[in-house]
Protein chains: 2
Amino acid sequence: MTVISKTAAGSAEGSTEIERDRRRPTINDIARLAAVSKKTVSRVINESPFVKEETRARVNAVIDELGYVPDPQARGLAFRRSFLIGMIYDNPNPQYVVNMQQGILDALKGSGYELIIRPVVRSDPNFLSDMRAFVERQKLFGVVLPPSVSEDERLAALLNEIDCPYVRIASVPLDEAESMVVTHDHMGGAAAAKHLLAHGHKVIAHISGPLTFRSAHERRRGFCEALAAAGVGMPDAYVMEGAYTFESGMACGEALLALSPRPTAIFTGNDEMASGVLQAARKAGLRVPEDLSVVGFDDFQIASRLWPPLTTVHAPTTDVGRIAADRLIRGEDDGRARRYDPDSILPYLVVRESSGPAPA
Amino acid sequence: MTVISKTAAGSAEGSTEIERDRRRPTINDIARLAAVSKKTVSRVINESPFVKEETRARVNAVIDELGYVPDPQARGLAFRRSFLIGMIYDNPNPQYVVNMQQGILDALKGSGYELIIRPVVRSDPNFLSDMRAFVERQKLFGVVLPPSVSEDERLAALLNEIDCPYVRIASVPLDEAESMVVTHDHMGGAAAAKHLLAHGHKVIAHISGPLTFRSAHERRRGFCEALAAAGVGMPDAYVMEGAYTFESGMACGEALLALSPRPTAIFTGNDEMASGVLQAARKAGLRVPEDLSVVGFDDFQIASRLWPPLTTVHAPTTDVGRIAADRLIRGEDDGRARRYDPDSILPYLVVRESSGPAPA
DNA sequence: ATGCTCAAGGTAACCGGTGTCATAAATCGC
DNA sequence: GCGATTTATGACACCGGTTACCTTGAGCAT
């Protein structure tokens with residue numbers, strides 16, 4: 001594997017025998033040892049069909065022996081495109097970010113592509129020009145856009161303009177499906193609703209995320225529609241809009257628990273707000289789940305650290321990230337990109353101890 | 001800023017007037033328009049002192065007008081080194097990871113360097129060879145090594161061997177200080193001890209992280225030494241070794257709360273284990289902080305989501321990341337690298353509601 | 001005036017790959 | 001059996017920068 005010294009032995013032009021020993025082998029080394037031109041080596045690397053089987057085998061043998069790996073910079077320079085995938089995001093939740101990164105990295109593993117991360121502030125006046133500079137400079141191979149960056153049409157337009165492939169992750173299709181991974185958050189909302197209905201709850205409340213976010217909107221829609229389908233209504237006062245934050249969850253929770261009749265169950269748009277509701281319940285002297293059931297969304301680690309452990313809808317963030325990145329690097333390989341099985345990334349309910357039968 | 005069309009106007013060799021319009025300007029474009037050789041442009045870019053002030057100004061004017069930015073790939077190819085910083089880590093805590101990333105990115109902002117992240121499994125048999133392949137392939141400019149990757153001497157040796165700069169982050173100096181950022185975790189442990197002592201606690205317990213981690217060892221040492229200095233002893237049974245996980249915190253917490261006399265305060269090596277202790281206390285029917293004070297370490301978001309909100313030692317992870325990356329890209333600029341002020345990254349106690357006076 | 005030094009800048013090769021096009025060898029049609 | 005394709009390969013320029021080395025001219029000592 002580390003027999004690189006062979007290169008030195010092989011070349012004898014004007015350089016002392018010993019020098020240039022431990023240097024990574026280049027395409028020239030391979031070409032010389034395989035007795036072909038560098039162009040042919042390049043063909044082998046890029047799997048061109050116009051190489052005789054015998055030649056290919058010989059070149060590959062040398063490549064393997066020297067442990068040659070093409071230099072991504074040189075390749076990128078000639079290709080006019082790097083082998084870097086960008087992840088541009090503004091989701092403030094650390095666990096979301098890490099899960100998504102992990103999924104992308106899983107897909108990239110062994111592919112030769114690397115991940116560059118880029119947290120952004122979408123409201124920054126320089127956002128778009130910064131993105132343009134970033135993507136153009138790095139000549140990104142493609143970018144993954146999780147929500148809510150994925151919902152920024154200006155950014156999508158910019159990427160189209162500078163011809164940078166991207167995959168958007170969102171609750172609903174935002175454009176032709178090829179460049180999207182859809183998370184179907186409304187089904188998660190529905191799952192939460194069914195769970196609460198099954199436990200006999202009638203007075204139910206919901207705290208959504210900011211409705212400017214598709215995810216917030218979809219989770220709420222799924223929840224409300226499932227309730228309505230079961231003939232359970234939710235008066236306006238029982239549906240609040242939070243900010244996806246702990247603090248907003250606590251504030252909305254306090255407001256909801258002051259209503260009469262008091263809701264016996266609250267579904268929140270994410271786990272952060274659910275933890276806020278748990279605090280509010282505690283301050284109001286309510287027991288969970290005896291007096292109040294709480295259901296969150298995300299199923300992040302915190303869900304099991306809370307008291308009581310949180311019933312929540314699992315969002316398969318890592319899988320989604322993996323699929324998105326996979327799309328990007330497979331490209332339009334075989335006809336259309338391999339379609340993913342939507343079932344594999346549908347949200348589903350995880351029942352813990354924060355939910356139970358409606359109080360009598 | 002987007003006056004790139006000028007390049008087309010400037011060149012009139014064998015190409016139709018309109019073509020090659022919206023292409024990023026290259027060093028050749030700058031050279032032509034500034035009427036100098038590309039080498040001189042290169043000198044200006046790299047701030048060579050051997051350029052006449054007048055020439056420099058002229059070149060810079062053209063650069064600004066065209067919004068020229070050198071291509072990192074081409075530059076890297078010639079430099080034999082990329083402008084990519086690697087972060088190699090195995091810390092499983094999402095918040096730690098994100099905070100560290102944020103710090104590094106802050107330092108890199110506007111510098112032209114980009115961050116590549118690399119979660120690893122240090123026990124993987126291919127760990128070292130993977131790292132070697134990764135670093136060599138990408139020709140990384142440098143890497144940041146947070147704990148516990150930073151404590152892997154094999155990795156440090158490998159990086160030395162392949163001549164890749166690195167900065168290690170750890171609780172104690174592991175080598176000559178230039179390539180280290182020291183977090184002085186023992187001072188955090190001491191701060192926790194002083195807090196509990198001030199509240200009159202006498203029967204105190206500690207759950208450390210795995211002692212193979214320096215951080216766990218140092219936090220424990222700081223804590224124990226401060227207690228000892230105050231004449232408060234901790235019998236062996238009151239000092240347990242956890243795994244930095246929620247589950248281990250819960251298990252150790254149950255064990256400690258079964259001791260007689262029961263500890264009135266527990267200090268844990270991180271917030272995760274503290275959340276486990278809170279669960280254990282709840283199961284044991286104890287009130288926090290009335291019956292039991294709990295102090296954690298890290299001050300991650302979860303600390304304020306728990307009930308009661310957790311008193312904990314703040315670890316300035318983001319700042320540490322920033323300083324580490326700063327070191328890397330400043331290099332040995334002016335004589336020795338700019339020294340950081342250790343005070344700026346010392347851990348400190350954040351008092352919330354999980355700690356209080358010892359029960360009478 | 002001559003020679004030397006040094007600032008200022010240019011030339012050409014090179015970093016490690018790929019694109020384009022030409023060419024040699026192999027296959028095919030009839 | 002010979003031109004026309006097709007297959008397989010090489011030569012060479014190029015991607016966008018940098019390094020190594022050379023040239024020029026001004027300033028200064030001799």
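Excluded from the calculations below are hydrogen atoms, water molecules and symmetry mates; all remaining heavy atoms, backbone and side chain alike, are included. Throughout, protein chains are lettered first and strands after them, A, B, ... in sequence-line order, and every chain is numbered starting at 1.
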For this session: Spell out protein contact along nucleotides 6-17 of chain C as letters: B when the base is contacted, S when just the sugar-phosphate is, - when no protein heavy atom is under 4.0 Å; keep the 5' to 3' order.
Result: -SSBBB---BBB
Exercise. Is the side chain of B/Asp124 donor-acceptor paired with the backbone N or O of B/Asn126 at a distance under 3.5 Å, no angle test?
Worked result: yes
Exercise. Are a donor atom and an acceptor atom from the side chains of A/Asp71 and A/Thr26 found within less than 3.5 Å of each other?
Worked result: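 The criterion, which ignores hydrogens and geometry beyond distance, is not satisfied for A/Thr26 and A/Asp71.
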For this session: For DNA chain D, note the earliest and the latest nucleotide, 5' to 3', having some atom under 4.0 Å of a heavy atom belonging to chain A.
Result: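 So the contact region on DNA chain D extends D/dA8 to D/dG16.
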Problem set entry | Any donor-acceptor pair under 3.5 Å from B/Asn91 side chain to B/Val97 backbone |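 Not a single qualifying donor-acceptor pair exists.
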Exercise. Is a side-chain N or O of A/Arg43 found less than 3.5 angstrom from the main chain of A/Arg56, in a donor-acceptor match?
Worked result: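 Not confirmed, A/Arg43 side chain does not pair with A/Arg56 backbone.
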Exercise. Looking only at atom types and distance, does a side-chain atom of B/Arg24 sit under 3.5 Å from a main-chain N or O of B/Val69, one as donor and one as acceptor?
Worked result: yes
Exercise. Can a salt bridge be assigned to the pair B/Glu153 and B/Arg168 using a cut-off of 4.0 Å between side-chain N and carboxylate O?
Worked result: yes
Exercise. For A/Glu47, does the CD atom sit with more than 12 other heavy atoms under 6.0 Å from it, leaving out its own atoms?
Worked result: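 At most 12 heavy atoms, drawn from other residues, nucleotides or ligands, come within 6.0 Å of this atom.
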